[in-house]
Protein chains: 2
Amino acid sequence: MTKRSEQKQEARARILDAGAAHVRGDGLDGAGIAAIMRDAGLTHGTFYAHFTDKADLAEASFRHALTRGRAAWTRGEDQSWRGRLARLARRYLTPKHRDHREEGCAFAALGADAARAPAEFRRAFGEELQRSIDAVCAAPEDGPVPERRRDDAILLLSLCVGGMTLARGVGDRALSDRILRVCRSAMARETGPLLSSGGNDNDQ
Amino acid sequence: MTKRSEQKQEARARILDAGAAHVRGDGLDGAGIAAIMRDAGLTHGTFYAHFTDKADLAEASFRHALTRGRAAWTRGEDQSWRGRLARLARRYLTPKHRDHREEGCAFAALGADAARAPAEFRRAFGEELQRSIDAVCAAPEDGPVPERRRDDAILLLSLCVGGMTLARGVGDRALSDRILRVCRSAMARETGPLLSSGGNDNDQ
DNA sequence: CGACTCGTATGATGATCATCATGCGAAATT
DNA sequence: AATTTCGCATGATGATCATCATACGAGTCG
C-alpha cells in the first residue's frame, strides 16, 4: 500500500462520511457536491477523481451510512425475540434520533427520495433493507431464521421508519413526541395485541 | 361571481391539481414550476399571479392532496373499531397505491421531504396529520373520541406510512409485496398480538 | 362604445450546480 | 537525479430553474 493510494483512500473515506451526513440531512438531490467536498476538506473539482457521478456518490453514501448504522445497532443482548424487538424499537424511536437525521437511519431519512430515485439506487435500497432485516433477525445462537421472524422484522422496520418519518415531519413537538411514544409502546407489548383498545365498538 | 374571477379560480384549481400530482410524484423540490404550469395548461410566468412563492404552492398542494384524499378515505361502514382500522390498512397498503404515488397519500410521498422543509410547511404537515388522525377516529355515532383510539390511529398511520415508504423504495418486487402484506395482516389481526411469533426464544 | 382592469403570455435575469479541461507539485519509478 | 504518474486545485461551461418586468387582449364598467 503506497503512500499515494492510502492518502486517496483516506480522502475517499472523508468524502463518504460527509456524503452520508449531507445526503441524510438534505436529501438525495439537496446535497450539493461543493458542500460535501468542502466538509471533506477538499475542493469541488476533485470529486470526479473519486466518483463517476453524483448518483454514484449518493448510492455509496447511502450504503456507507447503513453499514455503519447496523454495526452500532446489532450490539446488545436480549432475553427473548420479543424483547429484542422491543429494545430495538425503544432505541430507534427516540427524540434524539428524530432530531439528528444526518447521523441516523438512512431508511427514514431517504425513504421518500428512494421512491423517486433511478432503478440502480432502488436496488441498493432493497439490498440494504434485506441486510437490515437479517441483522434484526440475527440471534446469538445463529440458527436458520424462521420466516415468521423475518415478517416480524419487516413489521418492526416499517413501524420504526413510519413513526420516525411522521415524527420528523410534524412541527408540533407534543404530537411528535406522542407518535414516538405510541410506536415504541406498541412494540413493547410482549404478548398483548397491536392495538391498545379492545375489540368492541364502545371501549373506552 | 364575475366571469373573470371564476376563470381565475378555475385556473388556480388546475394549478393545485397539477401541483399536488407533481409534488407527490417528484418531491417538494423536484417539482418545477414550469412543468406544473404546463400541466395546468398555463405558462410559467403566470404562476406569480396565483401564488406568492414556490413554497406557497408546495404547502397549498400538500393540503389540497390530503383534503381530497381524506374524502375518499373516510367512506365506508365498519362493524367495529378494529374492523375499521383493518379495512383502512387493507385499502392503503396495496400495490396500486404503491405504484401511483402522484395520486396517493401525501404523507408517504413527502414524509422525508417534510423533515427538511421550513417550519411553515411542517406546521401544515402537523395540522393535516391531526386532521387525518381525527378522520380515522371519526365513528358513525360521533361521540367524543377516547385517547386510546387516537393512539391506535397514530399507530395505524405510522405503520401505513412506513410500510408504504419501504415498499416504494425497494427495487425488488417480491420484497416490496411482502412488506405490504406483512403490514396489512398485522393490522388485520383483530385480537392477536402485533407480532406473529410467540414470546419464547425458540418458536418456529 | 370607449377606457380601464386584470389574467395570461413572452422573454429576460441571476443564481445554483453538475461536470470537465487544464495545470501544479509531490510522490513514485527508473 | 530525471522522468513519469497522479491526486488535488482552479476556473470555465452549460444546463436548469425561480423570479420578475413588460406587453397583449379579452372582460368589465362608465
Side-chain angles (χ1 to χ4, degrees), chain A residues 1-62 102 110 113 116-118 120-121, chain B residues 1-62 102 110 113 116-118 120-121:
Chain A
M1 183 70 69
T2 152
K3 184 174 177 183
R4 270 256 194 69
S5 65
E6 86 183 64
Q7 176 190 2
K8 181 164 184 181
Q9 218 166 0
E10 274 179 27
R12 185 189 162 94
R14 285 203 312 275
I15 298 174
L16 275 180
D17 282 342
H22 266 90
V23 152
R24 283 178 287 182
D26 307 332
L28 280 186
D29 280 4
I33 287 181
I36 293 172
M37 295 301 281
R38 203 180 317 119
D39 275 20
L42 298 172
T43 53
H44 66 278
T46 319
F47 173 79
Y48 294 89
H50 294 271
F51 298 92
T52 71
D53 224 46
K54 195 190 179 183
D56 185 21
L57 172 68
E59 180 180 330
S61 298
F62 174 75
E102 73 282 358
L110 296 174
D113 299 61
R116 312 171 206 128
E120 204 174 340
F121 185 89
Chain B
M1 182 69 71
T2 153
K3 184 173 178 185
R4 268 254 193 72
S5 65
E6 87 182 63
Q7 175 190 2
K8 182 165 184 180
Q9 217 166 1
E10 273 178 30
R12 186 187 161 95
R14 285 203 313 273
I15 297 175
L16 276 179
D17 282 343
H22 266 91
V23 152
R24 284 178 287 184
D26 307 332
L28 278 186
D29 280 5
I33 287 182
I36 293 172
M37 294 301 282
R38 204 181 316 118
D39 276 20
L42 298 171
T43 54
H44 65 280
T46 320
F47 173 78
Y48 293 88
H50 293 270
F51 297 93
T52 72
D53 224 46
K54 196 191 178 182
D56 184 22
L57 172 68
E59 180 179 330
S61 298
F62 174 75
E102 73 281 357
L110 296 175
D113 298 60
R116 312 169 204 131
E120 205 175 342
F121 185 88

Residues A/Ala18 and A/Ala40: closest non-hydrogen pair is CB-N, 4.1 Å
Rounded to the nearest 0.5 Å, what separates atom CD in A/Gln7 from atom CD in A/Glu10? 8.0 Å
Could you measure the distance from the CD1 atom of B/Ile15 to the CG atom of B/Asp39? Nearest 0.5 Å is fine. 11.5 Å
Which pairs, protein N/O on one side and nucleotides 3-8 of chain C N/O on the other, fall under 3.5 Å?
from  : atom 1 : to      : atom 2 : distance (Å)
C/dT5 : O2     : B/Arg4  : NH2    : 2.6
C/dG7 : OP2    : B/Lys8  : NZ     : 3.1
C/dT8 : OP2    : B/His50 : NE2    : 2.7

Using a 6.0 Å cut-off, check whether atom CD of B/Glu102 has over 12 heavy atoms from anything other than its own residue. yes
Calculate the interatomic distance between B/Arg38 atom CZ and D/dA18 atom P; express it in whole Å. 11 Å
Shortest non-hydrogen separation from B/Leu28 to B/Ala117 and the atoms involved: CD1-CB, 4.1 Å
Contact list for residues 23-49 of chain B, test ring-ring contact (aromatic ring centres under 6.0 Å, His included), sequence neighbours left out: B/Phe47-B/Phe51
Can you give me the closest heavy-atom contact between A/Leu110 and A/Gly27, atom names plus distance? CD2-CA, 4.0 Å
Measure from CZ on A/Phe47 to P on D/dT10 and round the result to the nearest Å. 18 Å
Once you round it to whole Å, what is the distance between P of D/dA26 and CD of B/Glu10? 18 Å
Can you list, by residue number, the residues of residues 16-37 of chain B that have a non-hydrogen atom closer than 4.0 angstrom to DNA chain C? none
At a cut-off of 3.5 Å, list every protein nitrogen or oxygen paired with a nitrogen or oxygen from nucleotides 11-15 of chain D, distance to 0.1 Å.
from   : atom 1 : to      : atom 2 : distance (Å)
D/dG11 : O6     : A/His44 : NE2    : 2.8

Quick one, B/Met37 and B/Thr43 - any side-chain contact, counting heavy atoms below 4.5 Å? no
Give a yes or no on whether the backbone of A/Lys8 and the side-chain of A/Arg12 come within a donor-acceptor separation of less than 3.5 Å. no
Give the residues of residues 53-62 of chain B touching DNA chain D, defined as any heavy atom closer than 4.0 Å, sorted by residue number. B/Asp53, B/Lys54
Which atom names give the shortest non-hydrogen contact between B/Asp113 and A/Arg116, and what distance separates them? OD1-NH2, 2.6 Å
Return the minimal non-hydrogen interatomic distance between A/Ile36 and A/Ala31, and the atom names on each side. CD1-CB, 4.0 Å
Summary of ring-ring contact (aromatic ring centres under 6.0 Å, His included) pairs that have at least one residue in residues 13-32 of chain B, sequence neighbours excluded: none
B/Phe51 CZ to D/dA18 C1', in whole Å, measures 15 Å
Taking only side-chain nitrogens and oxygens of B/Tyr48, does any of them come within less than 4.0 Å of OP1 or OP2 of D/dT19? yes
